[in-house]
Amino acid sequence: MKALRVGNFSGFYGDRATALREMLTGGEVDVLTGDYLAELTMLILGRDRLKDPDAGYARTFLRQLEDCLGLAHERGVRIVTNAGGLNPAGLADAVRRLADRLGVPVRVAHVEGDDLGAAHPDVLAAHAYLGGFGIAACLRAGADVVITGRVTDAALVTGPAAAHFGWQPVDHDRLAGAVVAGHVLECGTQATGGNYAFFQEGDVRRPGFPLAEIHADGSSVVTKHPGTGGFVDVGTVTAQLLYETGGARYLGPDVTARLDTVRLAQDGPDRVRIEGVRGEAPPPTLKAGLNRLGGFRNEVVFVLTGLDIEAKAALVREQLADALAKAPPAEVRWDLVRTDRADAETEETASALLRLVVRDPDQRVVGRALSGAAIELALAGYPGFHVLAPPGKGAPYGVFEEAYVPQDAVDHVAVLPDGRRVTVAPAPDTGAHGTAVPDPLPEPRLPEPLPPGPTRRAPLGLVAGARSGDKGGNANVGVWARSDEAWRWLAHELTADRFRELIPESRELPVTRHVLPNLRAVNFVVEGILGAGVAAQARFDPQAKALGEWLRSRHLDIPEALL
């Protein structure tokens with residue numbers, strides 16, 4: 001059977017607006033997927049819905065579709081997207097109205113059942129992560145556009161693949177292969193050189209969006225349209241495979257994909273073959289995301305310039321102590337960031353930043369009283385007093401909580417183009433890999449260590465790439481070696497203890513290392529480093545996007561043979 005060509009045109013809410021047209025005009029494609037949802041996005045959409053009950057979906061998708069719906073219809077390209085967010089039925093209706101106005105005869109379907117709000121009335125948004133078989137049912141019924149709410153990112157690919165090849169829920173290996181392809185595609189240009197550790201090896205000024213040629217056995221080739229920017233190689237695909245993952249078992253509602261079985265091979269210019277992926281039964285539960293308002297936060301960043309930086313910072317803290325004591329916020333955090341240099345040639349490079357962040361359930365506690373006290377120091381503070389921006393009245397922040405529900409507790413429904421509602425049964429053979437403690441896999445065999453030899457103190461990034469990301473309050477950092485010799489060193493050198501030494505803020509946190517020899521990679525999960533999740537903005541880099549690059553900049557004793 002002919003391969004199914006599935007492309008991506010959105011990796012997040014706010015991605016390149018012209019990507020849908022670029023993917024439709026750049027080359028052959030059968031299905032285009034748009035991923036708009038993340039933990040933070042669900043909070044944003046929840047706040048939108050508070051203001052307007054008819055909102056709750058990604059409005060930018062409609063603007064993209066207005067420009068491209070006719071073109072997609074002419075070319076026979078189907079569109080599958082989770083842009084429905086908290087209101088997939090509302091977006092499906094909006095697409096129908098748009099199609100009628102444009103005079104384009106398209107069949108629209110949507111998927112429901114992820115909303116768990118009735119069981120969690122105290123949260124802003126509560127949604128289970130559904131699988132791909134609702135999408136498959138819509139496509140089998142002839143839908144041209146399928147709108148979903150919260151599904152797993154990979155479901156946008158497993159659904160079309162299952163519909164095209166006739167896969168059933170028991171086809172674990174095939175589904176697992178599609179999950180891996182979907183995980184590579186889901187973040188758009190991150191698979192084609194975007195956010196890539198070795199970005200200087202190609203022209204990544206405007207990377208093209210990726211696509212996967214998926215085959216009936218579940219194997220695939222990741223590529224991009226000819227002539228588009230960026231590049232696809234084993235490194236870019238490895239980086240994305242490691243993004244926001246944990247151990248060897250990648251749990252999902254349709255299948256558990258074994259990341260330790262993935263094999264990658266360069267299959268020509270800008271082509272990487274993915275094969276060998278094994279699958280196991282999915283867990284008996286579905287992951288659910290609960291988003292709630294955690295309270296209010298405010299911040300002010302003081303600019304400290306020139307001499308006596310530490311003393312200037314101490315003065316600010318002393319001067320604001322009374323204001324903070326009158327109505328103490330639930331949380332007060334000071335951070336001094338030493339960006340200053342001695343004898344600097346510009347004022348900016350002579351300056352350090354002192355950041356004050358406060359949080360409290362009461363907006364008044366973090367609001368005008370604090371901001372007024374900070375600004376009153378303008379003529380009474382340290383020499384050279386100024387701030388990056390005046391503090392405001394305090395803004396709400398969100399908290400993300402991960403939960404799990406039985407697969408059969410969710411009413412997964414495909415609403416077909418003719419309005420029929422088809423119930424999608426839960427996976428029939430859920431395995432023993434529940435959400436608590438999955439069956440442990442045997443520790444993979446490590447390669448033989450390099451023989452002893454001279455070493456040199458140098459950055460880890462000279463011999464290894466990394467990509468990091470967030471999962472609730474946890475962060476992952478995937479690190480891979482670029483050669484077999486470097487892997488022989490990395491596998492033994494970069495232990496969990498060494499990671500803690502290199503990343504000091506992880507020293508008091510649980511750090512787990514997962515070894516993936518096929519990818520020449522180790523993947524670290526750091527629990528709790530992001531507090532209550534990205535919306536809570538607990539640290540300077542709240543999504544841990546640059547945690548991997550910080551790790552690559554740290555110095556170790558590296559064998560000279562690798563440098």
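The analysis underlying the following values was restricted to heavy atoms, covering all of them including side chains, and did not include hydrogens, waters or symmetry mates.
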query: Looking at side-chain heavy atoms only, is the closest gap between Pro447 and Asp484 below 4.5 Å?
result: no
message: Once rounded to the nearest 0.5 Å, what's the spacing between atom OG1 of Thr192 and atom NE2 of His225?
response: 12.0 Å
task: For the residue pair Val95 and Leu91, establish whether any side-chain heavy-atom pair is separated by less than 4.5 Å.
output: yes
Nearest-0.5 Å distance that lies between atom CZ in Arg16 and atom OG1 in Thr189: 6.0 Å
field: pair Val146-Arg78: side-chain heavy atoms closer than 4.5 Å
entry: no
- request: For Ala83 and Thr81, work out which heavy atoms get closest and say how close.
  value: N-OG1, 3.0 Å
query: Got a donor-acceptor contact below 3.5 angstrom from the Glu527 side chain to the Leu509 backbone?
result: no
Ser220 side chain vs Glu213 backbone, donor-acceptor pair below 3.5 Å: no
task: Check whether any side-chain N or O of Glu22 sits under 3.5 Å from a backbone N or O of Gly208 as a donor-acceptor pair, and report yes or no.
output: no
Side chains of Pro160 and Ile135 in contact at under 4.5 Å (non-hydrogen atoms): yes
task: Using modelled atom types only, decide if a donor and an acceptor are shared between the side chain of Asn523 and the backbone of Gly246 within a distance under 3.5 Å.
output: yes
Criterion side chain to side chain contact (heavy atoms under 4.5 Å, CB included) on Tyr36 and Asn82, from CA distance to verdict: CA-CA 6 Å; Tyr36 290 77; Asn82 60 17; 3.7 Å; yes
- prompt: Is Glu112 paired with Arg421 through a side-chain N to carboxylate O contact shorter than 4.0 Å?
  reply: yes
field: Stacked cation flag Arg59 on Tyr57, 6.0 angstrom / 45 deg
entry: yes
- prompt: With sequence neighbours excluded, what pairs up with Tyr13 under the ring pair (Phe, Tyr, Trp, His ring centres under 6.0 Å) test?
  reply: none
- prompt: Is there a side-chain contact between Phe61 and Ile79 (heavy atoms, below 4.5 Å)?
  reply: yes
- request: Fit a plane to each ring of Trp480 and Tyr196, take the angle between them on a 0 to 90° scale, and name the class: parallel (under 30°), tilted (30 to 60°) or perpendicular (over 60°).
  value: parallel
- prompt: For His110 and Ala89, which heavy atoms make the closest approach, and how far apart are they?
  reply: NE2-CB, 3.6 Å
- request: Check whether any side-chain N or O of His412 sits under 3.5 Å from a backbone N or O of Ala425 as a donor-acceptor pair, and report yes or no.
  value: no
message: In terms of relative ring orientation, are Trp167 and Phe165 parallel, tilted or perpendicular, with 30° and 60° separating the classes?
response: parallel
message: Show, in sequence, the C-alpha distance, side-chain angles and deciding distance for Glu402 and Lys471, and conclude whether the salt bridge (Lys or Arg N to Asp or Glu O under 4.0 Å) test is met.
response: CA-CA 9 Å; Glu402 194 173 281; Lys471 280 294 182 185; over 6 Å; no
- prompt: Do Arg498's NZ or CZ and the ring of Phe524 fall within the cation-pi criteria of under 6.0 Å and 45°?
  reply: no
- request: Could you tell me whether Asp30 and Arg5 have a side-chain N and a carboxylate O separated by less than 4.0 Å?
  value: no
message: Could you check whether any side-chain heavy atom of Asn291 comes within less than 4.5 Å of a side-chain heavy atom of Val123, counting everything from C-beta outward?
response: no
task: Applying salt bridge (Lys or Arg N to Asp or Glu O under 4.0 Å), name anything that partners Asp153, two or more places apart in sequence or on another chain.
output: Arg150
field: Donor-acceptor contact present, side-chain Asp267 to main-chain Arg271, <3.5 Å
entry: no
- request: Mind running side chain to side chain donor-acceptor pair (under 3.5 Å) on Asn518 and Asp260 for me, showing each step along the way?
  value: CA-CA 6 Å; Asn518 281 8; Asp260 57 340; over 6 Å; no
Side-chain donor/acceptor of Arg96 to backbone N/O of Val108, under 3.5 Å: yes
field: Leu211 side chain reached by Lys224 side chain, heavy atoms, under 4.5 Å
entry: no
- request: Measure the shortest side-chain to side-chain distance between Thr256 and Pro283 over non-hydrogen atoms and say whether it is less than 4.5 angstrom.
  value: yes
CG (Asp217) with more than 12 external heavy atoms under 6.0 Å: yes
- prompt: Going through the checks in order, is the side chain to side chain contact (heavy atoms under 4.5 Å, CB included) test met by Val522 and His514?
  reply: CA-CA 6 Å; Val522 288; His514 303 280; over 6 Å; no
query: Got a salt bridge between Arg488 and Glu448, using NZ or NE/NH1/NH2 to carboxylate O under 4.0 Å?
result: no
statement: Contacts of Asp173 meeting salt bridge (Lys or Arg N to Asp or Glu O under 4.0 Å) (sequence neighbours excluded), chain-then-number -> Arg278
- request: First locate atom CG of Leu519, then atom CG of Leu259, and finally report the distance between them rounded to the nearest 0.5 Å.
  value: 7.5 Å
